[in-house]
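Working notes, beginning with the structure itself.
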Amino acid sequence: MKKEEWLKKGYADEAIDKGMDLKAEIRRLCKEKNAVILGHFYQADEIQEIADFIGDSLALAQWAAKTDADIIVMCGVHFMGETAKILCPDKKVLIPDLNAGCSLADSCPADEFARFVNQHPEHVVISYVNTSAAVKALTDVVVTSTNAKQIVESFPQDQPIIFGPDKNLGNYINSVTGRDMLLWNGACHVHEKFSVEKILELKKQYPDAAILVHPECKGPVAKLADKVASTAGLLKYAVESDKKNFIVATESGILYEMRKKCPDKNFIPAPPEDSTCACNECNFMRLNTLSKLYNTLKYEWPEVKVDGKIAEKAIKPIQKMLDISARLGL
């Protein structure tokens with residue numbers, strides 16, 4: 001059942017009894033329909049609390065590839081749902097809100113990227129997972145922030161490489177590998193907003209704090225870091241560190257898992273440049289809510305679809321990423 005109103009809004013907008021125990025009903029529906037909920041680290045706390053598995057983009061792709069569930073509910077953004085569908089074409093993949101897009105993926109339209117790639121035919125094409133299925137179909141191998149360095153280094157030093165769409169991640173990988181990859185001019189609206197000045201102000205308040213930075217941040221911010229890594233890498237560093245205070249420059253959703261794993265440590269979100277807010281959130285990630293999650297399970301909509309011809313091409317670079325990551329133990 002799909003209503004015209006739903007199609008306009010991009011999610012199943014049905015009233016829910018205020019007295020309902022939403023979490024209990026969500027778990028009941030998962031059991032009844034053999035569904036699994038995959039949640040990204042950047043989701044709101046209430047989503048992370050109920051998800052069957054929480055992880056970064058690499059972990060979510062790995063989990064999707066091996067689940068025996070009939071339904072995958074991707075609590076993240078649209079490209080993550082596409083990746084799950086490409087890996088599991090026989091499964092139903094749902095996303096609570098179709099409006100949950102990605103500014104980074106949007107910064108790399110497939111037609112423009114295709115022209116760019118065709119202008120450099122001698123280059124291997126490495127695309128960040130934060131891209132549409134159509135861009136992945138133009139790609140030789142997909143990477144995440146967890147494995148980008150290792151996958152880039154798996155190619156000969158003299159191999160010309162196109163890296164897209166994140167220029168900040170690409171610049172960081174160039175700096176740590178000595179490469180000179182040709183970069184697409186894209187960026188994440190969340191990670192672009194962190195400022196050196198505001199982080200330094202926090203450092204004055206917490207002089208002993210370790211600064212944790214995601215590689216999608218701008219170069220000057222990354223240079224302040226005690227650790228530059230993916231969300232999973234930053235979490236691992238925080239767990240293993242003997243530090244008590246951490247300034248965290250990535251989407252603030254990761255703080256839930258950091259505080260859960262390290263209840264005796266203090267995690268301070270780095271604020272964005274132009275806001276009085278004390279943290280930096282992805283508006284797209286936060287579109288997913290418990291009520292939308294309940295409705296998507298109940299009505300099995302919105303469903304993520306990927307064109308068959310695109311999926312046939314896109315599966316190859318995604319699988320190559322998973323194979324290399326498995327070989328490297330990532």
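The two atoms that bring C88 and A64 nearest to each other are SG-O, 2.9 Å, heavy atoms only. Considering all non-hydrogen atoms of both residues, F194 and A270 come closest at CE2-O, 3.0 Å. When all heavy atoms of C102 and V77 are compared, the pair lying nearest together is CB-CG2, 4.3 Å. The shortest heavy-atom contact between I95 and M74 is CG1-O, 3.5 Å. Shortest non-hydrogen contact noted between A133 and I86 is CB-CD1, 3.8 Å. Residues A249 and C217 come closest through the heavy atom pair O-SG, 3.6 Å.
Of the charged side-chain nitrogens involved, at least one lies within less than 4.0 Å of a carboxylate oxygen, so that E49 and K23 count as a salt-bridged pair. With salt bridges taken as basic N to acidic carboxylate O contacts below 4.0 Å, one links R286 and E251. Of the charged side-chain nitrogens involved, at least one lies within less than 4.0 Å of a carboxylate oxygen, so that D264 and K244 count as a salt-bridged pair. Look at E14 and K3 and you find a salt bridge, because one of the NZ, NE, NH1 or NH2 atoms lies within 4.0 Å of a carboxylate O, short of that distance. Salt-bridge check for K85 with E82: failed, with every basic side-chain N at 4.0 Å or more from each acidic carboxylate O.
Remark: R27 engages D52 in a side-chain hydrogen bond (donor to acceptor under 3.5 Å, both in side chains) (not counting sequence neighbours). By the side-chain contact (heavy atoms from CB on, under 4.5 Å) test, L182 pairs with F116, H120, H123, I162, sequence neighbours left out. F163 meets the ring-ring contact (aromatic ring centres under 6.0 Å, His included) test with no other residue; sequence neighbours excluded.
Using a 30° and 60° split on the angle between ring planes, H189 and F284 fall in the perpendicular class, above 60°.
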* To do: Kindly indicate, with the supporting measurements, whether the criterion side-chain contact (heavy atoms from CB on, under 4.5 Å) is fulfilled by I315 and L87.
  => CA-CA 7 Å; I315 185 63; L87 287 167; 3.7 Å; yes
* So S145 and D56, side-chain hydrogen bond (donor to acceptor under 3.5 Å, both in side chains) or not? Walk me through it. -> CA-CA 9 Å; S145 50; D56 61 5; 5.5 Å; no
* Evaluate the side-chain contact (heavy atoms from CB on, under 4.5 Å) criterion for residues L322 and L58: first the C-alpha distance (whole Å), next the side-chain angles of each, then the deciding distance (0.1 Å), finally the verdict. => CA-CA 8 Å; L322 294 176; L58 174 60; 4.2 Å; yes
* **side-chain contact (heavy atoms from CB on, under 4.5 Å) between I151 and K320, worked out** => CA-CA 10 Å; I151 289 179; K320 187 171 183 180; over 6 Å; no
* **Steps toward side-chain contact (heavy atoms from CB on, under 4.5 Å) verdict (M258, V248)** => CA-CA 10 Å; M258 287 179 166; V248 184; 4.0 Å; yes
* Asked: Can you check salt bridge (Lys or Arg N to Asp or Glu O under 4.0 Å) on K198 and E201, steps first, answer last?
  -> CA-CA 5 Å; K198 291 204 171 185; E201 287 174 12; over 6 Å; no
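The environment of K203 atom NZ is dense: over 12 non-hydrogen atoms of other residues, nucleotides or ligands sit within 6.0 angstrom. No more than 12 heavy atoms of other residues, nucleotides or ligands shown are found within 6.0 angstrom of CD on E312.
A donor-acceptor distance shorter than 3.5 angstrom exists from the side chain of N118 to the backbone of A114, with no hydrogens or angles considered. Judged purely by atom type and a 3.5 angstrom limit, K265 uses its side chain to pair as donor or acceptor with the backbone of A238. Proximity of a side-chain donor or acceptor of D208 to a complementary backbone N or O of K243 within less than 3.5 Å is not detected. K292 contributes a side-chain N or O that, together with a main-chain N or O of L287, makes up a donor-acceptor pair within less than 3.5 Å. A donor-acceptor pair is defined here as one N or O able to donate and one able to accept, closer than 3.5 Å; no such pair exists between the side chain of N130 and the backbone of A105. Between the side chain of Q43 and the backbone N or O of Q48 there is no donor-acceptor pair closer than 3.5 Å. In this structure a side-chain-to-backbone donor-acceptor pair under 3.5 Å is missing from K149 to Y172. Put simply, the side chain of D13 never gets that close to the backbone of W6: no donor and acceptor are under 3.5 Å apart.
Side-chain contact between V190 and E281 is absent, with no heavy atoms from C-beta onward closer than 4.5 Å. Between C30 and I37 there is a side-chain heavy-atom pair separated by less than 4.5 Å. Side-chain atoms of T144 and S230, non-hydrogen and from C-beta on, never get closer than 4.5 Å to each other. With a 4.5 Å cut-off on side-chain heavy atoms, I126 and V152 count as touching. Side-chain atoms of F155 and V141, non-hydrogen and from C-beta on, do get closer than 4.5 Å to each other. Two residues are said to be in side-chain contact when any heavy atoms from C-beta on lie closer than 4.5 Å; W184 and S127 fail this criterion. Looking at L98 and H78, their side chains come closer than 4.5 Å, going by heavy atoms from C-beta outward. Within the 4.5 Å cutoff, the side chain of T177 has no heavy atoms near those of the Q157 side chain.
One finds the NZ atom of K91 at 6.0 Å from the OG1 atom of T67 (value rounded to the nearest 0.5 Å). Between atom CD1 of residue I26 and atom OG of residue S291 there is a gap of 8.5 Å, rounded to the nearest 0.5 Å. The line from CD1 of I173 to CD of E153 is 8.5 Å long, rounded to the nearest 0.5 Å. Between the CD1 atom of I54 and the CG atom of L235 there is a distance of 11.5 Å, given to the nearest 0.5 Å. Atom OG1 in T231 sits 10.5 Å away from atom CD in E257 (nearest 0.5 Å). For the atom pair NZ (K66) and CD (Q62), the distance works out to 7.0 Å, reported to the nearest 0.5 Å.
Under the 4.5 Å side-chain heavy-atom criterion for ILVMFWY residues, a single connected hydrophobic cluster contains both L293 and L22. A single hydrophobic cluster is seen to contain both V93 and M285, as judged by linkage of ILVMFWY side chains at heavy-atom distances under 4.5 Å, directly or through other members. F113 and V129 fall into different hydrophobic clusters, where Ile, Leu, Val, Met, Phe, Trp and Tyr side chains are chained together by heavy-atom contacts under 4.5 Å. Under the 4.5 Å side-chain heavy-atom criterion for ILVMFWY residues, a single connected hydrophobic cluster contains both V228 and L255. Under the 4.5 Å side-chain heavy-atom criterion for Ile, Leu, Val, Met, Phe, Trp and Tyr, Y128 and Y42 are members of the same hydrophobic cluster.
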